[in-house]
Q: 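This is the structure I have questions about; it appears just below.
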Amino acid sequence: MDIQISVKRAIEELYGQTIDTSWVQLQKTKKEFKGHLTLVVFPLLKISKKNPEQTAQEIGEYLAKNESVVAEFNVIKGFLNLTIAPGYWVELLNAIHADKQYGIKDSTADAPLVMIEYSSPNTNKPLHLGHIRNNLLGYSLAEIMKANGFRVVKTNIVNDRGIHICKSMLAWKKWGNGATPESAGKKGDHLIGDFYVLFDKEYKKELAELQAKGLTKEEAEAQSMLMGEAREMLRQWEAGDLETVALWEKMNAWVYAGFDETYKKLGVDFDKIYYESQTYLEGKEEVLRGLNKGLFYKQEDGSVWADLTADGLDNKLLLRADGTSVYMTQDIGTAKLRFDDYPINKMVYVVGNEQNYHFQVLSLLLDKLGFEFGKGLVHFSYGMVELPEGKMKSREGTVVDADDLIAEMIDTAKETSKELGKLDDCTEEEADKVSEITGLGALKYFILKVDPRKNMVFNPKESIDFNGNTGPFVQYTYARIQSVLRKAAEQNILWPSSLNTQVPVSEKEENLVQMLAEFPVIVKEAADTYSPAVIANYIYDLVKEYNQFYHDFSILREENNEIRNLRLILSFNISKVIKAGFALLGIDVPERM
RNA sequence: GGUCCGGUAGCUCAGCUGGAUAGAGCAACAGCCUUCUAAGCUGUGGGUCGUGGGUUCGAAUCCCGCUCGGAUCACCA
């Protein structure tokens, strides 16, 4: 709203000075005071040359007299509380109501292109809780960026090569008896993950046996037959040995099928998938190009390094002495391929905060190599997910498997709904659908509402608690609004596409309209701060406010037609905003529950 | 040790481009279902915003020191 301009005009008229709009500090009036918007006058004292109360009084009088939007005002200390004219809220509501895509901008063909990398799994393990946070953040961020008019490419880099995959392959070959996902009755990613674990177990056993014979830990590791075989397998893979590559392809295909199932369940997807097996050689070429241009240097042993001491960082290895690439090399290669494929304006990497340093270095290296998006790349860094009992680290063996967790959430949702009798008049199919929406909604909302940067505690038990600041609370409110609208239709209550500005609007309704008006601002803010949590917390506030309001009135029994229309349109718009906001978070809302 | 991030109610978290008496939810306690879905609503209690300084009319918010916790500083990915 353009009260800001009104205030600016007032200052100019009263004190004959033009001011920057940033001096006009308007904020929502606190609940305990009368008014909608509050002007903080302290910054303006320099201009008025008067004390805070006088200044506020003068500006207030001017606005009330000359600006029709301002109906009343009151002054408390240095705060000028403005009451907005009633008709204004109805106009605002009409405007929101007329906009089908409220808060969502369409992207144009010439909009900046953002590539968002997220998920990035290894092919030797199923996805776990950490991946869930990653996937949800990445997907939500992509939707938020789209809603702000950007063109977005969602991408995934699959780490499909290296010694860890060879470990799984070797274990399968040795002890697998030709097991397949079908024969074992497991998802492919779980099957391969189990073989990875098996390898580790056997390897540890071997080490213990060697150490029992008097070898040190280092000697045992060097002499390990198993590890030797795994390394040999990696060499064969790199050399393109047909049998090894065939096995690798077969097992990877199982894993991908498993991942796809999990992604589908989570509701995330990708526009383009890159595989490290296809990018790591590209990175090597880029590094050599940089070496030739004198950007990097070679050590006596043949290894290639980047000197980043001028940028306040250390020397960074880019190619090993034997010419093989490291993690950084692969990321450079991937970046190159991506840039060849898309005219990227901005690159966003959704990767855990343990890699902050890596991306600091990557940004510098890409910049040196001449990639325009290098310097401005965003490492969308998020914190670890911990369990109430302690850290969630794979080596501590307390990993929460993504598929198990999702299934558990859906089951709990179903049980709870049943207990409450919510599913009584549903078919089994509908019950399953609703349980899936609420179970996943609980999970997604719980994770997304937390500031991404922070480490968070995920308590499975609490997350499925349907009280309080949770996804199901919001979903429930949405479903109830749908129920109101359904019943209005059944009773042939038709409401107009816009309201008469003379309709009386209560304080609580004004408050709700004000919150609705903030939605586009919130969506913008979420994109600027790269934080879906902004949207989640806003939606919760809106829903809570609505619930408190909803409790007080009866729309369908309302005798005054205009007031009933106002409330129906208000409810409709709130549900519209909930749905849009939740879509940006990747959460579904059920029509009934 | 260097660098980065965090510390807000018993617990989980908002608030952080400086603004009024720091907010939610959970947990505890007390109420509200002949009224469109009680997965809800109302009320009560609960805080030296880690700590010490500084800047300012005003600091949870900005700056500096200290402290605690996490991450990282690999020829792992």
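Letters A, B, ... are given to chains in the order of the sequence lines, protein chains preceding strands, and every chain is numbered from 1. Everything numeric here is computed off the predicted structure, so don't read it as measured data.
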Q: Atom CD of residue position A:Glu507 - does it have more than 12 heavy atoms of other residues, nucleotides or ligands inside 6.0 Å?
A: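 Not more than 12 within 6.0 Å, no.
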Q: Out of B:rG19, B:rA77, B:rC13, which has the shortest distance to the side chain of A:Gln355?
A: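 Per side-chain heavy atoms of A:Gln355, the pick is B:rA77.
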Q: Measure the acute angle between the ring planes of A:His128 and A:His131, then classify it against the limits of 30° and 60° as parallel, tilted or perpendicular.
A: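 Ring orientation, 0 to 90° scale: tilted.
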Q: Quick one: sort the A:Tyr349 and A:Phe359 rings into parallel, tilted or perpendicular, breaks at 30° and 60°.
A: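 Ring orientation of A:Tyr349 relative to A:Phe359: tilted.
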Q: Taking atom types as they are modelled, is there a donor-acceptor pair under 3.5 Å from the base of B:rC13 to the side chain of A:Asn469?
A: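 Checked by distance alone, the answer is no.
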Q: If you look at every strand shown and take non-hydrogen atoms under 4.0 Å, does A:Gln25 touch a base, only sugar-phosphate, or nothing?
A: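 Counting heavy atoms under 4.0 Å across all strands, the contact made by A:Gln25 includes a base.
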Q: Do A:Asp314 side-chain and B:rA74 base share a donor-acceptor contact under 3.5 Å?
A: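 When only heavy-atom distances are counted, A:Asp314 does not reach the base of B:rA74 through any donor-acceptor pair under 3.5 Å.
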Q: Mind checking if A:Met456 touches a base, just sugar-phosphate, or nothing, with heavy atoms under 4.0 Å?
A: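 Sugar-phosphate contact only - A:Met456 comes under 4.0 Å of backbone atoms but never of a base.
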Q: Please report whether the ring centroid of A:His164 lies less than 6.0 Å from that of A:Tyr196.
A: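 No - the distance between ring centres of A:Tyr196 and A:His164 does not fall below the 6.0 Å cut-off.
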Q: Does A:Lys30 put a side-chain nitrogen or oxygen below 4.0 Å from OP1 or OP2 of B:rA22?
A: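 For A:Lys30, the contact criterion (side-chain N or O under 4.0 Å from OP1 or OP2 of B:rA22) is not met.
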Q: In whole Å, measure the gap between the P atoms of B:rG69 and B:rG53 for me.
A: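 These two P atoms come out 23 Å apart once rounded.
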Q: Between B:rG45 and B:rG10, how far apart are the C1' atoms? Round to whole Å, please.
A: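 That atom pair is separated by 13 Å.
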Q: A:Asp451 near the nucleic acid: base, sugar-phosphate alone, or nothing, with a heavy-atom cut-off under 4.0 Å?
A: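 Answer is sugar-phosphate: A:Asp451 comes under 4.0 Å of backbone atoms only.
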Q: Could you check whether A:Arg133 makes a cation-pi contact with A:Tyr382, meaning its NZ or CZ is under 6.0 Å from the centre of the six-membered ring and within 45° of the ring axis?
A: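 Geometry flag: not set, cation outside 6.0 Å or 45°.
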Q: Answer yes or no: does atom NZ of A:Lys28 have more than 12 heavy-atom neighbours from other residues, nucleotides or ligands under 6.0 Å?
A: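 Enclosed.
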Q: Hey, is the side chain of A:Ser483 poking within less than 4.0 Å of OP1 or OP2 on B:rU37, counting only N and O atoms?
A: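 Yes, A:Ser483 has a side-chain N/O under 4.0 Å of OP1/OP2 on B:rU37.
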Q: Mind checking if A:Val326 touches a base, just sugar-phosphate, or nothing, with heavy atoms under 4.0 Å?
A: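 If one applies the 4.0 Å heavy-atom cut-off, A:Val326 turns out to touch the sugar-phosphate alone, with no base involved.
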Q: Give a yes/no verdict on base stacking between B:rG19 and A:Phe42: centres under 5.5 Å, planes within less than 30° of parallel.
A: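 Taking the rule of under 5.5 Å and under 30°, the ring of A:Phe42 does stack on B:rG19.
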Q: Taking only side-chain nitrogens and oxygens of A:Arg592, does any of them come within less than 4.0 Å of OP1 or OP2 of B:rC36?
A: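 For A:Arg592, the contact criterion (side-chain N or O under 4.0 Å from OP1 or OP2 of B:rC36) is not met.
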Q: B:rA39, B:rA20, B:rC75: which one has an atom nearest the side-chain heavy atoms of A:Gln27?
A: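 My answer, after comparing the listed nucleotides, is B:rA20.
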Q: Within the modelled atom types, does a donor on one side and an acceptor on the other bring the side chain of A:Thr470 and the base of B:rA39 under 3.5 Å apart?
A: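 Such a pair does not exist between side chain and base.
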Q: Tell me: CG of A:Leu319 to P of B:rA74, nearest whole Å?
A: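 Result: 17 Å.
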Q: So among A:Thr123, A:Asn122, A:Asn124, which one has a side-chain hydrogen bond (donor to acceptor under 3.5 Å, both in side chains) with A:Asn159?
A: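 Exactly one option meets the side-chain hydrogen bond (donor to acceptor under 3.5 Å, both in side chains) with A:Asn159, and it is A:Asn122.
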Q: Could you check whether A:Ser417 gets within reach of a base, just the sugar-phosphate, or nothing at all, counting any heavy atom under 4.0 Å?
A: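 A:Ser417: base contact, heavy atoms under 4.0 Å.
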Q: Given B:rC4, B:rA39, B:rA24, which nucleotide is nearest the side-chain atoms of A:Lys544?
A: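 The answer is B:rA24.
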Q: Picking from B:rC36, B:rC41, B:rC75, which would you name as closest to the side chain of A:Leu317?
A: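 Looking only at heavy atoms from C-beta outward on A:Leu317, the closest nucleotide is B:rC75.
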Q: The side chain of A:Glu276 lies closest to which of these nucleotides: B:rA71, B:rA39, B:rA77?
A: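 Nearest to the side chain of A:Glu276 among the choices is B:rA77.
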Q: For A:Lys487 and A:Tyr357, find the nucleotide of RNA chain B closest to each by heavy atoms; which residue's nucleotide sits nearer the 5' end?
A: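 Residue closer to the 5' terminus by nearest nucleotide: A:Lys487.
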Q: Is the charged tip of A:Lys298 near the ring of A:Phe296: under 6.0 Å from the six-membered ring centre and within 45° of its axis?
A: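 The answer is no, since A:Lys298 fails at least one limit relative to A:Phe296.
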Q: Where the side chain of A:Arg453 is concerned, which of B:rG6, B:rU35, B:rC76 is the nearest nucleotide?
A: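 So the nucleotide nearest the side chain must be B:rG6.
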Q: Base, sugar-phosphate, or nothing for A:Lys422, non-hydrogen atoms under 4.0 angstrom?
A: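 It contacts base atoms.
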Q: By the 4.0 Å heavy-atom rule, please label A:Tyr550 as base, sugar-phosphate, or nothing.
A: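 Base, at least one base heavy atom under 4.0 Å.
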Q: Over all strands shown, is A:Asn81 touching base, sugar-phosphate only, or nothing at heavy-atom distances under 4.0 angstrom?
A: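 Touches a base.
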Q: Considering only side-chain heavy atoms of A:Val40, which listed nucleotide, B:rA14, B:rA39, B:rG19, is closest?
A: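 Between B:rA14, B:rA39, B:rG19, the one nearest the side chain of A:Val40 would be B:rG19.
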Q: Would you kindly compare A:Gln299 and A:Phe79 by the position of their nearest RNA chain B nucleotide and give the one closer to the 5′ end?
A: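 Upstream on the strand: A:Phe79.
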Q: For B:rA20 and A:Lys77 - does any side-chain N or O of the residue sit under 4.0 Å from the phosphate oxygens OP1/OP2?
A: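 A:Lys77 to B:rA20 OP1/OP2: no side-chain N or O under 4.0 Å.
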Q: Quick check on B:rC13: is either OP1 or OP2 less than 4.0 Å from any side-chain nitrogen or oxygen of A:Lys449?
A: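 No.
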Q: For RNA chain B, please output the secondary structure as dot-bracket, reading 5' to 3'. Pairs are Watson-Crick or G-U wobble, both atom distances under 3.5 Å; mark crossing pairs with [ ], other-strand partners with |, unpaired with a dot.
A: ((((((((.[[[[.)...(...]]]].(((((.......))))).....[[[[[..)....]]]]])))))))....
Q: Counting only side-chain N and O atoms of A:Tyr327, is one of them less than 4.0 Å from OP1 or OP2 of B:rA77?
A: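 For A:Tyr327, the contact criterion (side-chain N or O under 4.0 Å from OP1 or OP2 of B:rA77) is not met.
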Q: Taking the six-membered ring for Trp, are the ring centroids of A:Tyr280 and A:Tyr275 within less than 6.0 Å of each other?
A: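 Ring centres of A:Tyr275 and A:Tyr280 not closer than 6.0 Å.
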Q: Any base atoms under 4.0 Å from A:Ala479, or only sugar-phosphate, or nothing? Heavy atoms, all strands.
A: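 Here A:Ala479 touches the bases of the nucleic acid.
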Q: Decide, applying a 5.5 Å centre-distance limit and a 30° plane-angle limit (both strict), whether A:Phe473 stacks on B:rA39.
A: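 Here A:Phe473 fails the 5.5 Å or the 30° condition.
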Q: Taking the six-membered ring where the residue is Trp, are the ring centres of A:Tyr540 and A:Phe473 under 6.0 Å apart?
A: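 Yes, the ring of A:Tyr540 comes within the 6.0 Å limit of the ring of A:Phe473, centre to centre.
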Q: So, does A:Lys454 get its side chain near the phosphate of B:rG7, meaning an N or O under 4.0 Å from OP1 or OP2?
A: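 True: A:Lys454 side-chain N/O within range (under 4.0 Å) of B:rG7 OP1/OP2.
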Q: Is a donor-acceptor pair below 3.5 Å formed from side chain A:Thr38 to base B:rA20, judging by atom type as modelled?
A: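 Yes.
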